[in-house]
Every structure is written in C-alpha cells, then in structure tokens.
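Just below is one structure, and these are the notes that go with it.
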Number of protein chains: 2
Amino acid sequence: MEPKKDSTEEKILEAAKTVFVTKGMEGARMQEIADEAGINKALLHYYFRSKERLFEAIFSNVIQYAFPKLTQIIKTDTTFVVKLEQIIDAYIDLLRKHPYIPGFVLKELNRDPSGLFKLALKHGLNPQVIMDQIEMAMDRGEIVRMDPRHVGLNIVSMCVFPFAVRPIINVLLFKGDEKALEMFYAERANVIKQFVIDAIVIKK
Amino acid sequence: MEPKKDSTEEKILEAAKTVFVTKGMEGARMQEIADEAGINKALLHYYFRSKERLFEAIFSNVIQYAFPKLTQIIKTDTTFVVKLEQIIDAYIDLLRKHPYIPGFVLKELNRDPSGLFKLALKHGLNPQVIMDQIEMAMDRGEIVRMDPRHVGLNIVSMCVFPFAVRPIINVLLFKGDEKALEMFYAERANVIKQFVIDAIVIKK
DNA sequence: ATAAGGTTTAACTAATCGGTTAAATTTATT
DNA sequence: AATAAATTTAACCGATTAGTTAAACCTTAT
C-alpha cells in the first residue's frame, strides 16, 4: 500500500507482477524477477524473504482484476438491463486492459484451489449478492425465470473465456493478426450485451 | 495406436496421462509417472527417451477431447438448430467425462502457444468449416445476422469455461458439494441450448 | 539350454533453483 | 566526518530433478 515513488520495493513488485503473470508461480525465476527489477537476487530476498511471500503479495493484488468490484453497479436502483450493460462494459474494459490476468488466475487457482478460501474472505467475494439481484429481476418480470447461477455463469463465461484462450484465438481465428484480434475484443462488449438481452430479457 | 493389451507401454501412457493432466508438464515428475505406472524411472526412459517426448505423446492424444470432431455433425443436412443441439450435447457430454481437460489444455497452450501450429495441422483444426455453416444458416434466415466468430466463441465459452474454472465454482457456488456440482454440469447442456436459441434463432 | 529382450536396482552426473552468507561498496542521514 | 542503511558481489549450500549407466535379474521364445 505504502510505496509510492519508484522505490526499490515498488520496482520489485512491478517486476514480480510482470514475471509472475507471464510465467506463473512455477515458471517464474527469482533471478529473472531481480533482473527485471534491475537489482540482484540478494536484495530481492532482502526485501521479500521468499518466493512464496512475494507471490502472495502479487496474487492478492492481481485478484481484483479477476473479481472486480461489481457490487456498486449491481446495487444501483435501475432496471436489470441497465445494470447488465454497465457490468459487461466494465468487465470487458477491465479485461482489455489486463488481458493476461484470466490465464494467470486460472492457472494458479487450478494449481492451488485452497488459496481461494482466503481470497474469498479477504476480498469479500460473494456471488450471492449477484444471484439475489438476478432473482429479483425475475420476480419483477424483467427476465425469464431460470437458475440464476446459470445466468451469471453464462455471462462471465462469454466475457472471460475469450481472454483466457487468447493465444488459441489469435492463431485459429486471426492467424497472428494482433490488430484484428484487439478489434475483435473491443466488439465483444456489445455482442455479449445483445446476446444476453435477446436470450433472457422479456419483451413487452 | 498399437499397444492394445495392458502392455508396459500402455501402462506408461495411462500413468503419464493421469499425472500430466493433473499436474501439468512443469509440475509432473518422471518419478511420479513411473510410480503411477508401477515401474521404475530407468524403464520409463527406456520406453520414452525424454519427458518432452512423453508429454507430446500425451498432449497430442488428449487434444482431441478439447477440439472434438464436430465436422460430422455440422455437415449434416438438417436445420441449424438441430446441429446446434447435437453439438452442444456432444460437447458437454465429452467435457463431463473429462472435466480436467480444459484446465490442462489451457495451461499448456498458454505456456507454449507455438505448439498449436503443429496441432492445427496434425488434427485438421479448421474453424472455417463451422463459420461457414453459421453463415449459411444466416443466409437461410434461420438465425440473426452477426459475426459468426462471436457466435461460435459465445457457444464454446459457455460450454468450456465452467469446466476450466471448476475449482472456483466448486468453492464459490457449491461450497465443496461435488454432488450438487455434478448435477449443475449435467443441466448445462439444456441451459446453453435454450440460451443460444433464444438469443439468435429467428422465430417464425 | 540359451540367447534376447524386458525389468530392476542403485548409484551417479549435470544442471537448475531457492535461499544464505559475509564482506565490500555505495548512498543517504545526522 | 561519522554512522547507519541500502546495495552489490560472489561464492556457496541444499534440495530437486531429468537423464545416464552398468550390472544383475527375470521372462520368454527358439
């Protein structure tokens, strides 16, 4: 929280983030993090005693990009459609700015699912709030009635999955054309909004 | 292809599949694979010279669960809706039988995306066939007109993503109740079919 | 029986990697 | 200038791991 300037600690955290996110916990090397930060391995251990401690500092910070704060939006006093549009826009924007986060988080949570318990408590991850809002929209007759968990999962799937498989899409659909790929991602917010609305919103 | 009986080679391949899929290429240990196969490390290297060779044998075999043969279904001479239903059913069935494949394939393809080129050639991965079929359904007026890549990606996302994040869903939505989780996955085929049909099929 | 190939045992190499240490050097503080 | 803290250097430790080797042992077909 504290290190504001380009202090050594900040340089380390930035370097560690880069290396951990691209290589993962197991693939990352302390020497590489030190190089990336422009310091040496001894100093790296001088600041963060162990690789595990450093990783946890990074992971706990990065997790907010994967589970963003949606509670402000979802508790707004508007129609479900408006909330839906705002949430999808916000989520896709966030993912476009941090495209490698989904792959990283998936990898690490599959490696050690127990870490999720701590994170759920620490960051107040509570899908129930979202489920409740979906259910209330059904009660108001705004959307068709179905298991809200499936609704939520469908939306998250369409938002996150394309980023988690970015390398695959890049090869299979765009043959390496990063420019076209980025444009494709930019389109997704509107595509998903339209898709979900047509699928579940009741027309009057 | 050849080893039919419970030959040593078959035992090794089975053991390697188990270990690689659960631990990944980096996390897997040759000793553990040898133990799992009930043999020793020397014999393991006697059959498969290196870890990399063994891994490639496994990965090339496992990849068919991730990119199943959909061409037979999609080339059928029926309406798009019927094809859609068959494909989603087949895909969800496959994933329920091999729930850890998505996580594994994602992890490894993110680690080394270059491997995808070989696989695309070797297994004839050709999304264009599917894109063409989607476009033809639009021409026939069966579904609304939109970028077929988004359509395909939406469907695949809703099918695959929930399996890739199985540990997360298990904790966040089911608090470890594997029984309820499995039932939830069983529901998904129908949920996705209904969702997609409502989203893009034109009612007459 | 014997020859060949499959299998085990056990020790070893070479490389990698996280982490430590101690001394020297630089930088900032008083 | 003197002191303390930050940083570098360079060597090292201990553990892990992929892969090798050579000898012995077992199984099986000829």
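In this text the structure is predicted, and so the values were computed from the model without any measurement. Convention: sequence-line order gives letters A, B, ...; per-chain numbering from 1.
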Exactly one candidate in B:L109, B:N110, B:D112 meets side-chain contact (heavy atoms from CB on, under 4.5 Å) with A:P167; the answer is B:N110
A:A28 near the nucleic acid: base, sugar-phosphate alone, or nothing, with a heavy-atom cut-off under 4.0 Å? sugar-phosphate
Are any of A:S50's side-chain N or O atoms less than 4.0 Å away from OP1 or OP2 of C:dG18? no
Comparing nearest nucleotides in DNA chain C, the 5'-proximal residue of the pair B:T8, A:A42 is B:T8
Can you tell me how far P of C:dA24 sits from CG of A:N40, to the nearest Å? 17 Å
Nearest heavy-atom pair of B:N170 and B:D177: which atoms, and what distance? OD1-N, 3.8 Å
Is any side-chain N of the basic residue among A:E178 and A:R166 closer than 4.0 Å to the acidic one's carboxylate O? yes
Under 4.0 Å between a side-chain N/O of B:R29 and OP1 or OP2 of D:dT16, yes or no? no
Taking atom P of C:dT26 as reference, at what distance in whole Å does atom CD1 of A:I39 sit? 19 Å
For atom CD of B:E9 and atom P of C:dG5, their distance in whole Å: 17 Å
Within the structure shown, what part of the strands sits under 4.0 Å from A:Y47 by heavy-atom distance: base, sugar-phosphate, or nothing? sugar-phosphate
For the pair made of OH in A:Y46 and P in D:dA5, what is the distance, rounded to whole Å? 8 Å
Expressed in angstrom and rounded to an integer, what is the separation of A:H45 atom NE2 from D:dT7 atom P? 16 Å
Quick one, A:Y47 and A:L54 - any side-chain contact, counting heavy atoms below 4.5 Å? no
Please give, in whole Å, the distance from D:dT16 P to B:K23 NZ? 15 Å
From A:L181 CG over to A:M183 CE, what is the distance, rounded to the nearest 0.5 angstrom? 10.5 Å
Which nucleotide in the set C:dG18, D:dT7, D:dG19 lies at the smallest distance from any side-chain heavy atom of B:M30? D:dG19
When you measure only distances, ignoring hydrogens and angles, does the side chain of A:K41 come within 3.5 Å of the base of C:dG19 through a donor and an acceptor? yes
Take atom CD of A:Q31 and atom P of D:dA10, then tell me their distance rounded to the nearest Å. 13 Å
From CG of B:L43 over to P of D:dC26, roughly how many Å is that when rounded to an integer? 16 Å
